[in-house]
Amino acid sequence: MSMEFNPYSRELHEDPYPVYRWMREEAPLYRNDELDFWALSRFDDLWTVVHDPETYSSARGVTLTANAAEADDEGMADVLPVMIQMDPPRHDELRKLVKGPFTPRQVGRLEDSVRRIARELLANFVEHGEANLVADFAAPLPTMVIADMLGVDRADLPMFRRCSDAVIRGDSDDRADRRAAVAAGQELAAYFSHIVADRRQDPRDDLVTQLAHSHEGDARLSELEILGFCFLLLAAGNETTMNLISNSAVLLDRYRDQRALLVDDPSLMRDAIEELLRYDSPVQVLVRTTTRDVELYGEVVPADSKVALVFGAANRDDREFDDPDRLDLRRRPERHLAFGHGVHYCLGAALARLEGKVAYEELLAHIPDFSVTTDHVERVHTGIIRGVERLPIAFTPARVAA
């Protein structure tokens, strides 16, 4: 039986995993003529690609719309230089300049701050017995964490959230969404240009100041590169963690025996986050462009071809994982691709893991019996992200200790 893989299909967004299974078994090198891309879905194939940036370039965009022939709108790479759309050596030079605050050791120092934010958000709704988990908890938590890191006013959080949402929804087959994404990127660039100028004159103990004064030898970040990094941190950092929290809530409601494991033994949380990331990855698809002809599965993928890396499929590949369609929070996956790998391994992975761990330690400590109160979970409709638009939940009212 033949199936279609269209990353923009709303039917696919509801449950992509049957299509992914078919791709891995029947079409490991998939071709979509209408949208003009190839796709890979097996774990080992993706592992090879992400470790070969010379053959599979990120410089022409990492979404299908980034270099679509019919998309005459200016892409984000034309507005701001962002590392995710760069190849070595410049990518590596920039990463060295910005990686310091995102090492596991440095991120670990943020745990108390992240926990305070989580409790602050919980205190706003746990007494009510009901909430929209996305709007009340999953979305604001990473936004507040990143805003505090950047040293910007929390009053600007609604603007960050709005722009972040617009940017992610820019990977769409709707031209209006793409134009809104570019406008959001420009708005963020204008906002942060003022912040950067201020920090150059008046340094503070925040991430923007570190970026503005970061150097290694003679290498420094240009103003546009600083703006691009702030943009990437807000857009990618917000969305990945928000969807990790939201997707996990859906799963823990569906598999309550697994949730009970965490309630009974919170020490399992660190490994559980890895399994939740593997099982329903927030980033489902990213794209590379071939720099030369590549032969795969008896076919030639020509140079300058778009190749979709279907991370969501690779993370359910039974060649890599035993019984991959079973959620097992005691599983310790030695490797997965929820954060990619290789030179573009997600710089914020340690931060996302910390936020996910703290979010569920606090959530299950206060409302362990939450239940999703809708029969149909509203999914985000983009070509790269698997997430939830809104998630109504109910629970036994509780209090957050001062």
Side-chain angles (χ1 to χ4, degrees), residues 53 57-63 66-67 73-103 106-107 142-168 170 178-240 343-344 346-348 351:
S57 170
S58 300
R60 286 179 54 186
V62 295
T63 66
N67 57 348
D73 308 307
E74 191 177 37
M76 277 313 306
D78 300 311
V79 178
L80 292 173
V82 291
M83 285 194 306
I84 197 173
Q85 295 185 179
M86 293 181 183
D87 292 328
R90 187 53 181 158
H91 166 274
D92 299 348
E93 294 168 354
L94 261 62
R95 191 171 178 110
K96 285 182 180 179
L97 290 169
V98 302
K99 70 179 182 179
F102 298 94
T103 64
Q106 289 297 107
V107 166
T143 308
M144 292 169 72
V145 170
I146 291 171
D148 287 354
M149 289 179 68
L150 291 169
V152 299
D153 195 330
R154 282 196 180 181
D156 297 322
L157 293 182
M159 182 271 290
F160 290 165
R161 181 79 260 147
R162 174 175 53 78
C163 288
S164 174
D165 286 346
V167 167
I168 291 299
R178 296 198 297 270
R179 287 175 172 164
V182 173
Q186 293 170 329
E187 184 175 353
L188 285 172
Y191 174 87
F192 277 110
S193 66
H194 295 293
I195 302 294
V196 172
D198 176 75
R199 298 304 191 270
R200 290 195 190 279
Q201 298 298 319
D202 182 21
R204 303 184 192 178
D205 184 20
D206 60 35
L207 181 55
V208 175
T209 298
Q210 292 181 53
L211 295 172
H213 295 272
S214 178
H215 66 89
E216 184 164 309
D218 294 331
R220 295 179 181 274
L221 294 167
S222 71
E223 180 172 351
L224 284 178
E225 287 167 343
I226 295 172
L227 299 181
F229 184 75
C230 292
F231 161 81
L232 182 62
L233 184 61
L234 275 170
N238 272 335
E239 296 295 328
T240 300
V343 297
H344 282 290
C346 177
L347 187 66
L351 180 59

Legend entry - Stepwise side-chain contact (heavy atoms from CB on, under 4.5 Å) test for E239 and D165: CA-CA 8 Å; E239 296 295 328; D165 286 346; 3.0 Å; yes

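- Looking at residues two or more places apart in sequence or on another chain, you find a salt bridge (charged side-chain N to carboxylate O under 4.0 Å, His left out) between D148 and R154.
- Partners of Q106 under the side-chain hydrogen bond (donor to acceptor under 3.5 Å, both in side chains) rule, at least two apart in sequence or in another chain, are R109.
- Considering all non-hydrogen atoms of both residues, P203 and H213 come closest at CG-NE2, 3.9 Å.
- Within a 6.0 Å sphere centred on CG of D205, other residues, nucleotides and ligands contribute 12 heavy atoms or fewer.
- Checking side-chain atoms of D198 against main-chain N and O of H194 turns up no donor-acceptor pair under 3.5 Å.
- F192 is not listed as a side-chain neighbour of I226, based on a closest heavy-atom distance of 4.5 Å or more.
- Nearest heavy atoms, S164 versus N238: OG-CB, 3.6 Å.
- For the pair L211 and C230, the minimum side-chain heavy-atom distance is below 4.5 Å.
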Legend entry - Residues S193, E223; criterion side-chain hydrogen bond (donor to acceptor under 3.5 Å, both in side chains); working and verdict: CA-CA 8 Å; S193 66; E223 180 172 351; 4.9 Å; no

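- Within the 4.5 Å cutoff, the side chain of F102 has no heavy atoms near those of the R95 side chain.
- Between V152 and F160, some side-chain heavy-atom pair lies under the 4.5 Å cut-off.
- Between Q85 atom CD and S57 atom OG the span is 10.0 Å, to the nearest 0.5 Å.
- Partners of R199 by salt bridge (charged side-chain N to carboxylate O under 4.0 Å, His left out), not counting sequence neighbours, listed by chain and number: D206.
- Checked against salt bridge (charged side-chain N to carboxylate O under 4.0 Å, His left out), E93 has the following partners two or more places apart in sequence or in another chain: R90.
- Note: M159 CE to D153 CG = 10.0 Å, rounded to the nearest 0.5 Å.
- Nearest heavy atom pair, residue A180 against residue A166, reads O-CB, 4.0 Å.
- Considering only heavy atoms from C-beta on, L347 stays 4.5 Å or farther from L232 through its side chain.
- The side-chain hydrogen bond (donor to acceptor under 3.5 Å, both in side chains) search around D156 returns Y191, not counting sequence neighbours.
- With sequence neighbours excluded, the residues satisfying salt bridge (charged side-chain N to carboxylate O under 4.0 Å, His left out) with R162 are E187.
- L150 CG to Q210 CD: the interatomic distance, rounded to the nearest 0.5 Å, is 10.5 Å.
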Legend entry - Chi angles and distances behind the side-chain contact (heavy atoms from CB on, under 4.5 Å) call for L207, L233: CA-CA 11 Å; L207 181 55; L233 184 61; 3.6 Å; yes

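- The two residues M86 and P81 have their closest heavy-atom pair at CE-CB, 3.6 Å.
- For the pair M83/V98, a side-chain contact is recorded, criterion being any heavy-atom separation below 4.5 Å from C-beta on.
- Of all heavy-atom pairs between A147 and L157, the closest is CB-CD2, 3.4 Å.
- Side-chain atoms of S214 come within 3.5 Å of backbone atoms of L97 as a donor-acceptor pair (strictly under, hydrogens ignored).
- Scanning all heavy atoms of the two residues, the minimum distance from V107 to P101 falls at CG2-O, 3.7 Å.
- Looking at K96 and D92, no side-chain N of the basic residue comes within less than 4.0 Å of a carboxylate O on the acidic one, giving no salt bridge.
- H344 contributes no side-chain N or O that, together with a main-chain N or O of D87, makes up a donor-acceptor pair within less than 3.5 Å.
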